[in-house]
Number of protein chains: 2
Amino acid sequence: MGVYIQVLEGLLLQEQQVISSEKLAEQCEVNPSQIRKDLAYFGEFGVRGVGYYVSDLLKAIKYFLGIDRNWNCILVGVGNLGRALLRHQQLAQKGFQIQMAFDCDPFKIGERVAGHEVICTRRLKEKAQQMQIDIGLISTPPERAQRAANHMMQAGIKGIVNFAPTRINVSQDVIVDYVDFSNHLISMAFRLSHP
Amino acid sequence: MGVYIQVLEGLLLQEQQVISSEKLAEQCEVNPSQIRKDLAYFGEFGVRGVGYYVSDLLKAIKYFLGIDRNWNCILVGVGNLGRALLRHQQLAQKGFQIQMAFDCDPFKIGERVAGHEVICTRRLKEKAQQMQIDIGLISTPPERAQRAANHMMQAGIKGIVNFAPTRINVSQDVIVDYVDFSNHLISMAFRLSHP
DNA sequence: TATTTTTTGAGAAAAATTTCACAAGAATAA
DNA sequence: TTATTCTTGTGAAATTTTTCTCAAAAAATA
Ligand SMILES: NC(=O)c1ccc[n+]([C@@H]2O[C@H](COP(=O)([O-])OP(=O)(O)OC[C@H]3O[C@@H](n4cnc5c(N)ncnc54)[C@H](O)[C@@H]3O)[C@@H](O)[C@H]2O)c1
Ligand SMILES: NC(=O)c1ccc[n+]([C@@H]2O[C@H](COP(=O)([O-])OP(=O)(O)OC[C@H]3O[C@@H](n4cnc5c(N)ncnc54)[C@H](O)[C@@H]3O)[C@@H](O)[C@H]2O)c1
């Protein structure tokens with residue numbers, strides 16, 4: 001589904017107003033029926049004989065996915081990856097604004113990164129509860145990921161995206177999503193080895 | 001499959017020598033049959049009544065996936081994300097060593113990042129051909145990703161991992177893998193919106 | 001040694017996903 | 001107006017993935 005958004009945003013920039021499932025499928029590298037099935041799932045957005053109106057379709061997809069609004073995020077672990085994420089303006093443009101950044105390293109606390117003052121992790125609960133935080137991003141070393149998750153749960157955060165390559169245990173009302181780049185490299189290694 | 005490695009590596013550290021599909025499944029948050037099917041696909045590694053020998057299983061999985069060797073990588077685009085990747089030692093530990101880093105910004109060329117001298121992208125072909133490079137990582141802005149890919153293809157690179165949120169066109173003997181964090185955030189937004 | 005327990009490997013069944021095929025709606029051309 | 005072309009939405013078919021089940025192998029116990 002993310003691909004559709006990516007390609008449709010591109011079409012919008014090129015000021016293309018209408019696209020057929022066939023053309024969209026080509027750009028997304030999927031089957032046209034796949035696209036029609038996916039889109040039909042949440043409404044009738046196409047016009048027979050014409051195709052889909054790019055702008056309307058984008059709005060519909062975003063509404064369906066729940067990204068027609070802003071989501072408040074915090075980040076724990078201001079290291080190499082954490083800094084990159086804080087400086088990555090596109091996240092905010094897509095509606096995922098990192099509101100605060102935490103670290104436990106006294107040398108990092110107080111430092112400013114991309115307009116954020118790095119705050120001590122011990123103050124996470126207090127700080128995060130002042131604002132309604134929806135999503136927590138973990139970019140600590142793997143052995144600290146569980147601790148970061150615990151802090152987030154104590155602050156009532158219900159969605160955690162974990163960039164550290166380790167599983168974490170959470171109460172069952174919390175949703176965890178794991179991001180692991182190395183999986184992509186592994187997949188690449190596999191595909192290159194089995195031509 | 002990446003999850004299995006992650007969890008098995010953890011078990012190895014804890015010096016646990018044997019694990020059953022049931023216990024492994026618990027930690028990986030998947031179904032035990034799933035694990036047995038997956039593992040049986042490339043051999044008989046389990047021992048009935050006992051389970052799987054962690055170390056042997058890891059070796060077998062790594063061999064099967066083609067990550068029992070080193071893969072030479074280069075990176076194009078030494079910005080926020082590029083720097084994070086260059087400084088991320090775990091990649092090299094996993095057998096994906098970033099051998100060279102390229103950028104087109106004259107202010108960045110010559111700079112040293114994590115032991116790498118940033119090289120002008122125009123010299124990519126010449127430099128990359130001196131060493132057998134397997135995989136190219138793209139961390140340029142999206143509008144420059146195609147150009148980066150073209151440079152890589154000219155140097156004979158057959159695997160491209162694209163961190164820029166845009167599709168790229170490649171000749172059919174080149175494998176592309178797309179990494180897009182925002183997909184994870186979108187998925188999280190969706191799951192939080194539909195409880 | 002015989003019996004019970006544990007746990008895999010794999011065939012069968014179930015579920016989910018993807019693709020096909022085409023009727024029907026909308027635009028265009030005759 | 002009528003025929004033709006284009007393209008969606010959807011039921012049916014095909015394929016893939018996941019889960020269930022259990023015989024059989026290995027270890028533990030009696
Ligand atoms: N650097 C990358 O490109 C990259 C890529 C993929 C995954 N990752 C993963 O992301 C994580 C971070 O990687 P990195 O390269 O930024 O590491 P890093 O060591 O540069 O940064 C980790 C940061 O977390 C902080 N920290 C440690 N414990 C903490 C705690 N309990 N609370 C708050 N902050 C804490 C440290 O002070 C440090 O600033 C790692 O798990 C790594 O495997 C990194
Ligand atoms: N920063 C993040 O955390 C993050 C997260 C996810 C995805 N991304 C994606 O990764 C890419 C890079 O993000 P960033 O934040 O590092 O951006 P950035 O602007 O900091 O870095 C981009 C770098 O690419 C270089 N560059 C531009 N054109 C080039 C070319 N033709 N050849 C070589 N180098 C070139 C620029 O000089 C710059 O150094 C973007 O596409 C972004 O969407 C970034």
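Protein chains get the first letters and strands the later ones, always in sequence-line order, with residue 1 at the start of each.
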For atom [atom1] of [X] and atom [atom2] of [N], their distance in whole Å:
X       : N      : atom1 : atom2 : value
A/Gln34 : D/dG9  : CD    : C1'   : 14 Å
A/Arg36 : C/dG25 : CZ    : P     : 16 Å
A/Glu22 : D/dT5  : CD    : P     : 16 Å
A/Asn31 : D/dA14 : CG    : P     : 16 Å
A/Ile35 : C/dT17 : CD1   : P     : 17 Å
B/Leu39 : C/dA10 : CG    : P     : 12 Å
B/Tyr41 : C/dG9  : OH    : P     : 16 Å
A/Phe45 : C/dG25 : CZ    : C1'   : 18 Å

Decide whether B/Arg167 and A/Gln6 meet the rule of one side-chain donor and one side-chain acceptor closer than 3.5 Å. yes
Mind checking A/Ser33 for me? I need base, sugar-phosphate or nothing, with any heavy atom below 4.0 Å counting as a touch. base
Using every non-hydrogen atom in the two residues, find where [X] and [Y] come nearest and quote the distance to one decimal.
X        : Y        : answer
A/Ser21  : A/Arg36  : OG-NH1, 3.0 Å
B/Leu81  : B/Ser139 : CD2-CB, 4.2 Å
A/Tyr178 : A/Ile168 : OH-N, 3.0 Å

Hydrophobic clusters here meaning ILVMFWY residues chained together by side-chain heavy-atom distances under 4.5 Å, can you tell me if B/Ile67 and B/Tyr4 are in one? yes
Indicate, yes or no, whether a donor-acceptor pair under 3.5 Å links the base of C/dT18 to the side chain of A/Lys37. no
Each nucleotide N or O in nucleotides 26-28 of chain D that has a protein N or O under 3.5 Å away: list the pair and distance.
| residue | atom | partner | partner atom | Å |
| --- | --- | --- | --- | --- |
| D/dA26 | O4' | B/Arg48 | O | 3.1 |

Can the ring centroids of B/Phe190 and A/Phe64 be said to lie less than 6.0 angstrom from one another? yes
Does the gap between the ring centers of A/Phe42 and A/Tyr63 come in under 6.0 Å? no
B/Ser21 vs C/dT7: side-chain N/O to OP1/OP2 distance below 4.0 Å: no
